[in-house]
Amino acid sequence: MATTTFGKGCHLHLIDGSAFIFRAFHALPPLTRKSDGLPIGAVAGFCNMIFKMVEDNSGPDAPTHVAVIFDKGSHTFRNEMYDLYKANREEMPEDLRPQIPLTRAATEAFNIACKELAGYEADDIIATLSCQARAAGGRVTIISSDKDLMQLVGDGVEMFDAMKNKRIDRDGVFEKFGVYPDRVVDVQALAGDAVDNVPGAPGIGIKTAALLINEFGSLEELLDRAGEIKQPKRREVLTEKRQQIELSKKLVQLDCETPLDFTLDDLEVREPDAEVLMAFLAEMEFRTLTRRVAEKFGLDTPAISENPVETTGDAPAAPDAPGFDKAVYTCIRDTAALETWIARIRERGYVAVDTETTSLDEMKAELAGISLCVDAGEACYIPVGHRDGAKGDLFGSDDLAEGQLSLDVVLTLLKPVLEDDSILKIGQNMKYDAKIFARHGIAVAPIDDTMLMSYALHGGLHNHGMDLLSETYLNHVPIPIKPLLGSGKSAITFDRVNIDDATGYAAEDADITLRLWQVFKPRLHGARVTTVYETLERPLVPVLARMEMSGIKVDRDTLSRMSNAFAQKMAGLESELYELAGRSFNVNSPAQVGEILFDQMSLEGGKKTKTGQWSTPADVLEDLATLHDFPARVLDYRQLQKLKSTYTDALQDHINAETGRVHTSYAIAGANTGRLASTDPNLQNIPVRTEEGRRIREAFVAEPGKVLVSLDYSQIELRILAHTADIPELKQAFADGIDIHALTASEMFNVPLAEMTPEIRRRAKAINFGVIYGISGFGLARNLRIPRAEAQGFIDRYFERFPGIRTYMDATIAFAKEHGHVQTLFGRRIHTPEINASGPQAGFARRAAINAPIQGTAADVIRRAMVRMESAIEGLPATMLLQVHDELLFEVSEEAVDDTIARAKSVMEGAAAPAVHLAVPLVVDAGKGANWAEAH
DNA sequence: CTAGAGCGCTCG
DNA sequence: GTACGAGCGCTCTAGC
């Protein structure tokens, strides 16, 4: 083809490559290459789009010049102007990352120019080329739907949305922005952009911005004459935020003078080399496209062994995986063998790791050994802390039968591998192993966690322990630990297990972990949970590990004194109860309490539990307490018993001898909804509702010179409900900062807000919570202690007043029935296997399905806040210690309290963006104090 | 003697 | 038969 000079009559097509594949990745079904599971959905979408253009563009309107433009790197000249530019941007999904070089390769295979420039966005290159083409008298079509490019439209420049197959001209831009292209930047400067983190003028959206620009003619005119604006808020924001608005304009204004090292003439359309193109398409295993391309060029279709298959989340396990064989596992007792393994790991780029220790408490556990696996079926165990069973002496390298390398030697060799950025460490519940290694000065990264992959894939279906996963997904029953350790008093710790047995057990764990990873990893994309796994599960591992290792200081003396006081009171109550009953009995036994109440005293209203004994829960005893002292005293006793046994006594046993602090453990995959669960001890249920219970929080203290700072989301679940079910009245109330329960009461009972009584508000509050739980007449009646018919009346009125709630509930259940799962706003899936059951099960399943998206979205929000928190408070003398579902607790040096609160609050309130745009504000309240009671 | 179910209570 | 989601201490019993 003869080289021509770009000029009049020429038509330039500019394809926004980065934006296209990002959109294609999310919009198209997830496709993986059959032969190796490589995700290629976005590449396929891209190739189809390019091919379609090649086919369509043989007419008179065909481009004479064409280029695909990509972003290069994330740092651009805009970050020099404003360091927060695109700071909200999500990390690229891992399944998309490998597709980017493939898309460049595809562009080259089609023999289309592929351009990018460090320090500039694709948009700037597109702007520059557009300007040059216009200056030369040619026409331009920008293949993109990015609104940031709309400022270029007009006068011979058009846009084309390839996904929607829609042209965008001057009028199209006007539709979107309310102004013509030459004023688009002015509108964008005012409206800002949450996704790119362009600040704009707070409170002004696109519509208002367009109104103002149309009235004043330009942004500069508007800012100069802002004083003339009637609305005080607008006037104020335009005056006070002038600098911010001007900066925003610079950020959205595209650069038409990007220093390019090529000219328009270099972009002239070239015929693809058919063989190169066919080879590429065949390599991608695009069967249909390969055939169509072959037809177009009149070539034979090359044989492609496998069809690309859309994975639905049920991709088969590797069919040719070797069986499990203990005999193949090796025990590593010398450095040469260890170095061979390390070389193998480096060559492979990933390794499954498991640690064996002397305790389930990571803060006390000593390392007994480490197992590794890089190929299914072949694993090793490196003993480092095994001891003689009788004497307890550590085996050395010269113990012939039981020799082992020293811990120091092994960790020195493994540390560079475990910390190597280019080697993926795979574990089952990696938080445990990461904490063990962290205590030895090793920061394990990067990681994958098979437990968390399973949680993202199968949440709600089953638990995610290794034994169950192995049986379910590998069809293999792992070696049980019981026979090795024994149980009860005679149980031994893993360091006393003989090394041969330990090798068989431990190496298998690494083997299983690797195989689970091989099964789960390619399924994430098909099940559309890659982003959930990568942004809500995996990044929490190091964050929680650090929180757990920090622990919280608990004052033993305070607890001890309270325990003594409780014991005294309980002793008094005990004798009083014996007196009232006329005999001694075990107050801790509900069965015996029931006997005395209902058999001996013949009080009315008793019900039996399913095991046939009298039921004596607190609400029943509360009713009986009006008739008799005995049930009243039992209630008093039970409260003290609970506080003493679970809190003031048990917590003391959890104070770590070395740190003097209590270190809880968070289960990331514990709760079905996405919530964390706290165990050993549970620090998410420390009393707060009663005065006496709340005093236990006085024992949770800050170090001298520091304070505890608590930040909690206000009404987060109701806010999410208002957004999700799209209830205008509730959204408005949250926007206006109105008391939501009072508002509900006012709407339901026709009582003006000014005349609200606590009792009416209390009822509305119970209904609001009931809605979140999948309300029933029975449940509300029991909660409010009113007749069931009356409760049902309330519910009916509520649905009448807020019909959107009913719509949401019905739609959620219908979704669950159709898909077998519900999901949160962030895409977390919660499976609902019982949703089609009948009988009482059906009710449970329906209520759980209604609740899960709300509770789960709230859980996702705080997870995101936690993941972002560490960098947000970096440099401040502040440590995040605890999470209690909607609360984060920090320990902060006194002088940094205000800064910490400001930064943490900002992270928490903005945690939904940019992945989710909530139509209600998130509000966070803060408190501080010397102890948790004061801070909360 | 040990493990596990059942009950009841704590939290969001 | 019923509010959603969790964990833990105590009693009691089945089974070694």
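A quick note: this is a predicted structure, and the numbers were derived from the prediction, not measured. The sequence lines fix the lettering, A, B, ..., with proteins before strands; numbering per chain opens at 1.
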> Output a table of nitrogen or oxygen pairs between the protein and nucleotides 6-9 of chain C separated by less than 3.5 Å.
{"residue": "C/dA6", "atom": "OP1", "partner": "A/Asn672", "partner atom": "N", "Å": "2.9"}
{"residue": "C/dG7", "atom": "O4'", "partner": "A/Asn682", "partner atom": "ND2", "Å": "2.9"}
{"residue": "C/dG7", "atom": "N2", "partner": "A/Lys642", "partner atom": "NZ", "Å": "3.4"}
{"residue": "C/dC8", "atom": "OP1", "partner": "A/Asp680", "partner atom": "N", "Å": "2.7"}

> Please write out each protein N/O paired with an N/O of nucleotides 13-16 of chain C under 3.5 Å, distance rounded to 0.1 Å.
none

> Going by number, which of residues 760-799 of chain A have a non-hydrogen atom under 4.0 Å from DNA chain C?
A/Ala766, A/Gly770, A/Tyr773, A/Ile775, A/Ser776, A/Phe778, A/Leu780, A/Arg782, A/Asn783, A/Arg788
> Give A/Leu643 one of three labels, base, sugar-phosphate or nothing, depending on what nucleic acid heavy atoms sit under 4.0 Å from its own.
nothing
> If you compare every side-chain N and O of A/Gln613 against the phosphate oxygens of C/dT11 (OP1, OP2), does one of them come in below 4.0 Å?
no
> Regarding A/Asp649, tell me which of base, sugar-phosphate or nothing describes its non-hydrogen contacts under 4.0 Å with the strands shown.
nothing
> Under the 6.0 Å and 45° cation-pi test, does A/Arg806 pair with A/Phe802?
no
> So what does A/Ala618 touch, heavy atoms closer than 4.0 Å: a base, only the sugar-phosphate, or nothing?
sugar-phosphate
> For A/Ala745, what residues pass the side chain to side chain contact (heavy atoms under 4.5 Å, CB included) criterion, not counting sequence neighbours?
A/Phe749, A/Met756, A/Ile760, A/Ala764
> Output the single nucleotide from C/dC12, C/dG5, B/dC11 whose closest atom is nearest the side chain of A/Pro687.
B/dC11
> Suppose we screen for ring pair (Phe, Tyr, Trp, His ring centres under 6.0 Å). Which residues come up paired with A/Phe566, at least two apart in sequence or across chains?
none
> How would you list, by chain and number, every residue that makes a side-chain hydrogen bond (donor to acceptor under 3.5 Å, both in side chains) with A/Thr664, sequence neighbours excluded?
A/Ser678
